*Asks:* 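Take this structure first; my questions come after.
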Amino acid sequence: MAKDLTFSCTACGAATSKWSGRCDACGEWNTIVEDKALSTAGPAKKSLGGKRGKAITLTDLATQEAAPPRTESGVGELDRVLGGGLTKASALLVGGDPGIGKSTLLLQAAARFARNGLKVVYISGEESAAQVQMRARRLGLEKSPVKLASETNLRDILTTLEAEAPDLAIIDSIQTMWADNVDSAPGSVSQVRASAHELTTFAKRKGISTVMVGHVTKEGAIAGPRVVEHMVDTVLYFEGERGHQFRILRSVKNRFGPADEIGVFEMTGKGLAEVKNPSALFLSERGTPAPGSVVFAGIEGTRPMLCEIQALVAPSPHSQPRRSVVGWDGGRLAMILAVLESRCGVPFTGLDVYLNVAGGLRISEPAADLAVAAALVSAREDAALPAEAVVFGEISLSGALRPVVQTENRLKEAQKLGFTSAITPLQAKKPAASGLTLQQPQDLAQFVQDIFGDR
Ligand code: TYD
Ligand code: MG
C-alpha cells in the first residue's frame, strides 16, 4: 500500500516498505534511506495563503543577451559532441567504464583548450600528480600550460578554484571527492550528490566551466545518483569495447546542442586520435562477404555511419537455445526472431543465435531491424548477401517494413564508400537519385523470398 512505503532508493528513486542493504529495483548498495516526505505526505499543514511573498518580475521570452561564448578545442570530434565547442560556465559529466580512456581524453582536451586561450585546472582525485605528469609526457603534453593538482578535499578545491579563477576546471573523478559537511564515505551516493551540487553551483556563480568524470556501473548508469545527470548541462558517455581501439563519445543530454551526437576516436600508443571517417574504419576489418554478415547504413546523431552486423546460427546442444547479443538490444533481437518465425516461416527453434555489431559500436536505432533480420536469415541459410549492398529499415510486428529517417543521407554515405545497391523499405516519396540501385521489398516475407529464394 502506498502509505506504507517509507523508504526510497537515492539512486533510482524506487520506494519500498522496509530498509535493505541493496535496492531491489536497481541493485545499488547502501542507497536505501528513510523517506520522511513520503510518510508525511498529504496536504501541507500550513497554507501559503496567510503570509504574502514578494512579487517576482516576469519577463518576455525574447532576449537581448548574446548566446554564451564557446571555445573550440580544435578536435572536431569533441567539438561536435559538445554542440560546437565548450560553453562558458557550463557543467559537464563524462561517464564511462574504468580504463576506457576518460582521463586520457580529458587531459588531451585540457591541453587543447589551454592552447586556445583558456585557463585550465585539472584536479585528479584518483591519481597522484606524478602519475598524471607521466601520462602528459606520454601524450607529449608536458609543455602545456594546464595547472594540475592531486586532491580530494572539496573545500580545499573550491577555495583554490576561487583564487585561481580558471575558465575550465576538470574534476577526475566525482566519486573520489569528499565534502566534509556530509557524513559518509567518498563514493557514496550522498557524497557524490553533494559534491556535484557544490561544484556545479560554484562553477555557475563564478563562470567556470566544469567537467566532472563519473564512473559507470555494470548496468551502464553513472554510479551513484541519477540526480547528478539532472544537475549538469551536458552528459557525455565515453564507450567502447575493451578489446577494440575505437572509442565513442556520445552526448546523451546537452542543453547547448543536439543530444545523441557522437564523436569517434581511436586509442593509440600516444593517446586518442580522432577518426574523421568512421564508416571506413568500421568496415575496414570486413573480409570477403560471408554468410551472416550485413552492412547496415545507420545514423548516429547527425551523421551517417556504416557498420557491419554479424550473425551466427548453430544447432543448440541445450534445451534452451542461447540468444547472445553484443552492441544491440536483446529484446529487439527476440522480436525480430519472432517476426521471422511467425510471418516468414523461418524458425529458429533449437538453434543458438549470436548477434554482434562489429568494431564495438552500440546501435539503438530501429532502422537496424532489417539488417539484423538479413544477417540472421543469411547465417541460417548459409548464404551471403550481395557484397555491394547496404541494408536498413524498421520491421513491425506484422512483418511490414517501415521507412526510416534520413534515407538520403544513408544512401549518400553508402555510395561514398563504394556500395552500389541498397535494400530498403518502400517509401511514399522516392529518395532522390543517389546512384545506388534500390531494392524495395513489400514486406519482410518478400525480402526473405527475394534474397534467399525458395528454401
Ligand atoms: P585512462 O584514461 O586512464 O582511463 P579512465 O580514466 O577512463 O579510467 O586510460 C586507460 C587506458 O588507456 C589504459 O589501459 C592505457 C590506455 N592508454 C593508451 O592505450 N594510450 C595512451 O596514450 C594512454 C595515455 C593510455
Ligand atoms: Mg581515470
Side-chain angles (χ1 to χ4, degrees), residues 73-75 77-78 81-82 92-115 120-144 146-154 157 168-178 186-187 191-192 195-196 199 210-224 228-229 232 234-252 262-275 281 359-362:
S73 64
V75 181
E77 294 297 302
L78 175 63
V81 175
L82 291 173
L92 282 87
L93 183 65
V94 177
D97 287 331
I100 204 72
K102 300 180 295 297
S103 302
T104 307
L105 175 76
L106 290 175
L107 193 59
Q108 287 184 276
R112 288 297 197 123
F113 283 120
R115 199 168 80 186
V120 186
V121 170
Y122 187 108
I123 311 272
S124 178
E126 302 201 332
E127 293 161 299
S128 66
Q131 280 173 307
V132 181
Q133 284 159 345
M134 298 252 286
R135 180 182 291 127
R137 186 190 305 159
R138 177 171 177 184
L139 299 170
L141 300 174
E142 67 266 51
K143 300 243 165 60
S144 167
V146 174
K147 287 284 167 228
L148 170 70
S150 173
E151 183 55 67
T152 57
N153 185 319
L154 194 63
I157 291 172
L168 169 62
I170 295 172
I171 309 291
D172 186 0
S173 65
I174 192 68
Q175 273 97 356
T176 54
M177 291 298 125
W178 179 66
Q191 276 289 354
V192 169
S195 303
L199 275 163
T210 317
V211 177
M212 292 174 275
V213 173
H215 291 296
V216 157
T217 60
K218 281 190 297 303
E219 291 77 29
I222 289 181
V228 175
E229 295 196 6
V232 296
T234 304
V235 179
L236 307 179
Y237 277 93
F238 202 40
E239 39 184 58
E241 294 290 325
R242 275 299 178 87
H244 288 99
Q245 70 272 40
F246 317 126
R247 298 285 181 269
I248 291 173
L249 187 65
R250 185 187 297 275
S251 67
V252 293
I262 71 163
V264 184
F265 297 87
E266 190 179 356
M267 184 59 100
T268 70
K270 280 190 164 319
L272 292 155
E274 52 178 333
V275 173
L281 185 74
L361 202 62
R362 288 199 67 80

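Note that ligands are numbered from 1 as they come in the structure, with each ligand's atoms numbered from 1 the same way. What you see is a predicted model, and the numbers here were worked out from it, not measured in a lab.
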*Asks:* Rounded to the nearest 0.5 Å, how far apart are CD1 of Ile171 and CE of Met212?
*Replies:* 8.0 Å
*Asks:* Return a yes/no value for Asp172: is any of its N or O atoms, backbone included, closer than 3.5 angstrom to an N or O of ligand 1?
*Replies:* no
*Asks:* With heavy-atom distances below 4.5 Å as the criterion, would you say the side chains of Phe265 and Leu105 are in contact?
*Replies:* yes
*Asks:* Are any side-chain N or O atoms of Arg250 and backbone N or O atoms of Val81, one a donor and one an acceptor, separated by less than 3.5 Å?
*Replies:* no
*Asks:* So, for Ala196 and Ile174, which heavy atoms are closest and what is the spacing to 0.1 Å?
*Replies:* N-CD1, 3.7 Å
*Asks:* What closest approach, in Å, do Ile100 and Glu239 show between heavy atoms, and which atom pair accounts for it?
*Replies:* CG1-C, 4.3 Å
*Asks:* Using a 3.5 Å cut-off on N or O atoms only, is Glu127 in polar contact with ligand 1?
*Replies:* no
*Asks:* Heavy-atom pairs closer than 4.0 Å: do any link ligand 1 to the side chain of Pro98, the backbone, both, or neither?
*Replies:* backbone
*Asks:* Is the shortest N/O to N/O distance between Gly99 and ligand 1 below 3.5 Å?
*Replies:* yes
*Asks:* Is it the case that the side chain of Ser150 and the backbone of Glu127 share a donor-acceptor pair, with hydrogens and angles ignored and the cut-off at 3.5 Å?
*Replies:* yes
*Asks:* Counting only nitrogen or oxygen atoms and a 3.5 angstrom limit, does Gly269 reach ligand 1?
*Replies:* yes
*Asks:* Can you tell me the protein heavy atom closest to atom 2 (O) of ligand 1 and the distance?
*Replies:* Thr104 OG1, 2.6 Å
*Asks:* Where is the nearest protein heavy atom to atom 7 (O) of ligand 1: which residue, which atom, and how far?
*Replies:* Lys102 N, 2.7 Å
*Asks:* Verify, without hydrogens or angle tests, whether Gln191 (side chain) and Trp178 (backbone) share a donor-acceptor contact under 3.5 angstrom.
*Replies:* no
*Asks:* Can you tell which of Arg135, Met267, Glu126 gets a heavy atom nearest to atom 16 (C) of ligand 1?
*Replies:* Met267
*Asks:* Considering all heavy atoms of both residues, which atom of Gly214 and which atom of Gln175 are nearest to each other, and what is their separation?
*Replies:* CA-OE1, 3.5 Å
*Asks:* Strictly by modelled atom types, are Glu126 and Thr176 linked by a side-chain donor-acceptor pair under 3.5 Å?
*Replies:* no
*Asks:* Distance to 0.1 Å, residue and atom name: give those for the protein heavy atom nearest to atom 15 (C) of ligand 1.
*Replies:* Arg138 NH1, 4.5 Å
*Asks:* Looking at atom 11 (C) of ligand 1, would you say a protein heavy atom lies below 4.0 Å from it?
*Replies:* yes
*Asks:* For the 3.5 Å polar cut-off, considering only N or O atoms, please tell me whether Gly101 and ligand 1 meet it.
*Replies:* yes
*Asks:* Has ligand 1 got any nitrogen or oxygen that is less than 3.5 angstrom from a nitrogen or oxygen of Thr268?
*Replies:* yes
*Asks:* Could you tell me which atoms of ligand 1, counted from 1 in the order shown, lie closer than 4.0 angstrom to a heavy atom of Ser103?
*Replies:* 2 (O), 5 (P), 6 (O)
*Asks:* Strictly distance-based, threshold 3.5 Å: is any side-chain N or O of Glu77 a donor or acceptor partner for the main-chain N or O of Glu274?
*Replies:* no
*Asks:* Is it true that a side-chain atom of Lys102 and a backbone atom of Tyr237 form a donor plus acceptor pair closer than 3.5 Å?
*Replies:* no
*Asks:* Give a yes or no answer on whether the side chain of Gln108 reaches the backbone of Gly271 with a donor-acceptor pair at less than 3.5 Å.
*Replies:* no
*Asks:* Quick check: closest heavy atoms across Leu272 and Gly101, and the distance to 0.1 Å?
*Replies:* CD1-O, 3.9 Å
*Asks:* Judging by distance only, is a nitrogen or oxygen of Gly271 under 3.5 angstrom from one on ligand 1?
*Replies:* yes
*Asks:* Using 2.8 Å as the cut-off, note every protein N, O or S atom close to the Mg ion (ligand 2).
*Replies:* Ser103 OG
*Asks:* Among the heavy atoms of Gly96, does any lie under 4.0 Å from an atom of ligand 1?
*Replies:* no
*Asks:* Could you tell me which atoms of ligand 1, counted from 1 in the order shown, lie closer than 4.0 angstrom to a heavy atom of Lys270?
*Replies:* 22 (O)
*Asks:* Could you tell me the separation between the CG atom of Leu199 and the CD1 atom of Ile123, rounded to the nearest 0.5 Å?
*Replies:* 9.5 Å
